[in-house]
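Since the structure comes first, as structure tokens, the remarks are kept for the end.
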Amino acid sequence: MLVLKFGGTSVGSPEAITKLVSIVKDGEHSGKTAVVVVSALSGITDTLIAAAKAAEKGSFDPAVFDEARRRHAAISAAFLQGDEQKAAEADISRSFAELIRMLDGIAILRELSPRTLDSVMSYGERLSAPLIVRVLCASGLNAEYLDSREVIVTNETYGAAHVAAAETYRNIKEKIKISPAQTMYVASGFVGRTKNGDTSTLGRGGSDLSAAIYGAALDAECVEIWTDVDGILTADPKLVRNAFRIDSISYEE
Ligand code: ASP
Ligand code: MG
């Protein structure tokens with residue numbers, strides 16, 4: 001049983017998603033993949049944070065989401081047709097309407113708690129995962145959405161929440177019993193919920209951790225982290241310009 005994780009750039013455009021679909025369907029992965037964990041489309045989490053911070057200062061313009069909306073709609077248009085496309089677009093509209101209501105509230109109160117920011121940030125993955133489910137189903141696969149808030153339980157350290165491992169693993173094992181040959185779950189990365197039922201997030205870049213959590217809970221053979229960078233670099237290339245690829249690395253390293 002495998003767990004695959006696709007990061008923001010790997011779900012960020014119709015071209016990238018075409019590649020994702022072919023990876024999920026290829027001989028190495030088809031029939032073996034129990035969970036596909038996805039991030040928000042690249043840049044969306046940053047957009048959400050910027051909107052929330054602007055709202056805290058009292059200035060929120062719903063037009064800041066125009067580009068994000070367009071990118072999600074473009075994916076729907078590229079892969080879906082007829083009623084499926086309409087349903088996906090209705091999902092997208094509903095999510096943005098909820099977001100806008102939330103941000104209007106923040107702007108009125110000029111108050112942004114870490115808990116509220118987590119709710120805002122969670123929308124990136126809450127938009128991407130259901131959309132990828134529709135795309136995979138349209139390509140003939142049997143995929144189902146799993147909102148990770150259903151199973152991943154955390155403490156209340158909003159923005160970098162710690163996972164309650166025992167309870168989370170139990171929830172995942174209970175939820176995912178179906179053999180991967182039948183159904184593949186597409187789970188939202190990055191998000192969880194507290195014991196009180198509030199939305200939490202696992203820290204920036206946290207979808208990798210989400211994938212590891214699913215892999216550990218299900219005793220998966222392998223957790224594959226798919227990204228647009230080939231291999232492991234000596235440093236984060238966004239921070240260190242001359243970072244280079246490491247030819248080989250030990251498990252301990
Ligand atoms: N979307 C989240 C972030 O941008 C989580 C992730 O991409 O892993 O930090
Ligand atoms: Mg990442």
Side-chain angles (χ1 to χ4, degrees), residues 3-13 16-17 19-20 23 35-54 64-65 67-69 71-72 75 91-92 95-96 98-99 102-103 112 114-133 135 145-155 157-163 168 172 185-194 198-217 223-233 235-239:
V3 173
L4 311 186
K5 181 256 171 179
F6 293 88
T9 35
S10 308
V11 294
S13 65
I17 293 175
K19 211 159 165 201
L20 176 153
I23 291 167
V35 186
V36 174
V37 177
V38 297
S39 293
L41 273 58
S42 51
I44 297 294
T45 311
D46 291 338
T47 302
L48 292 168
I49 295 170
K53 300 259 155 136
V64 296
F65 294 133
E67 164 78 359
R69 219 189 260 268
R71 284 175 63 204
H72 287 87
I75 291 166
D91 278 356
I92 295 166
S95 290
F96 279 105
E98 282 172 20
L99 252 175
M102 205 179 274
L103 285 153
L112 177 65
R115 186 179 71 159
T116 302
L117 179 60
D118 269 11
S119 284
V120 172
M121 283 197 288
S122 71
Y123 275 87
E125 277 72 9
R126 286 160 67 182
L127 277 156
S128 64
L131 188 53
I132 301 293
V133 169
V135 170
Y145 174 43
L146 174 53
D147 182 339
S148 289
R149 296 176 302 165
E150 236 186 86
V151 288
I152 296 184
V153 182
T154 75
N155 70 2
T157 311
Y158 296 104
H162 287 264
V163 174
T168 297
I172 293 173
Y185 283 95
V186 177
S188 41
F190 186 48
V191 300
R193 77 167 144 84
T194 66
D198 293 319
T199 298
S200 54
T201 66
L202 308 182
R204 294 304 307 274
S207 298
D208 288 359
L209 177 57
S210 308
I213 291 165
Y214 282 105
V223 176
E224 294 182 6
I225 310 282
W226 287 85
T227 177
D228 58 328
V229 182
D230 216 2
I232 294 177
L233 304 189
D236 182 344
K238 284 181 204 140
L239 302 174

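Read the numbers this way: they start at 1 and go in the same order the structure lists the ligands and their atoms. Please read all numbers here as calculations on a predicted model, not as lab measurements. These values consider heavy atoms only, across backbone and side chains, with no hydrogens, waters or symmetry-generated copies.
Panel note: side chain T227, backbone G7; no donor-acceptor pair is recorded below 3.5 Å.
Salt bridge R149/D147: present, at least one basic N to carboxylate O contact under 4.0 Å. Residues R193 and D198 are not paired through a salt bridge, judged by the lack of any N-O separation under 4.0 Å between the basic side chain and the carboxylate.
Heavy atoms of G8 come nearer than 4.0 angstrom to ligand 1 in no pair at all. A heavy-atom separation below 4.0 Å is not found between G189 and ligand 1.
The distance from ligand 1 to the heavy atoms of R204 drops below 4.0 Å at these ligand atoms: 3 (C), 4 (O), 9 (O).
Contacts between M121 and ligand 1 below 4.0 angstrom, taking non-hydrogen atoms only, are absent altogether.
By the 3.5 Å distance cut-off applied to N or O atoms, G203 is not counted among the residues near ligand 1. Taking any N or O of D208, backbone or side chain, none lies under 3.5 Å from an N or O belonging to ligand 1. Between S207 and ligand 1, an N or O atom pair is found at a separation short of 3.5 Å.
Rounded to the nearest 0.5 angstrom, R71 CZ and L41 CG are separated by 5.0 Å. Summarising the geometry, atom CG belonging to L117 is positioned 6.0 Å from atom NZ belonging to K53; distances are rounded to the nearest 0.5 Å.
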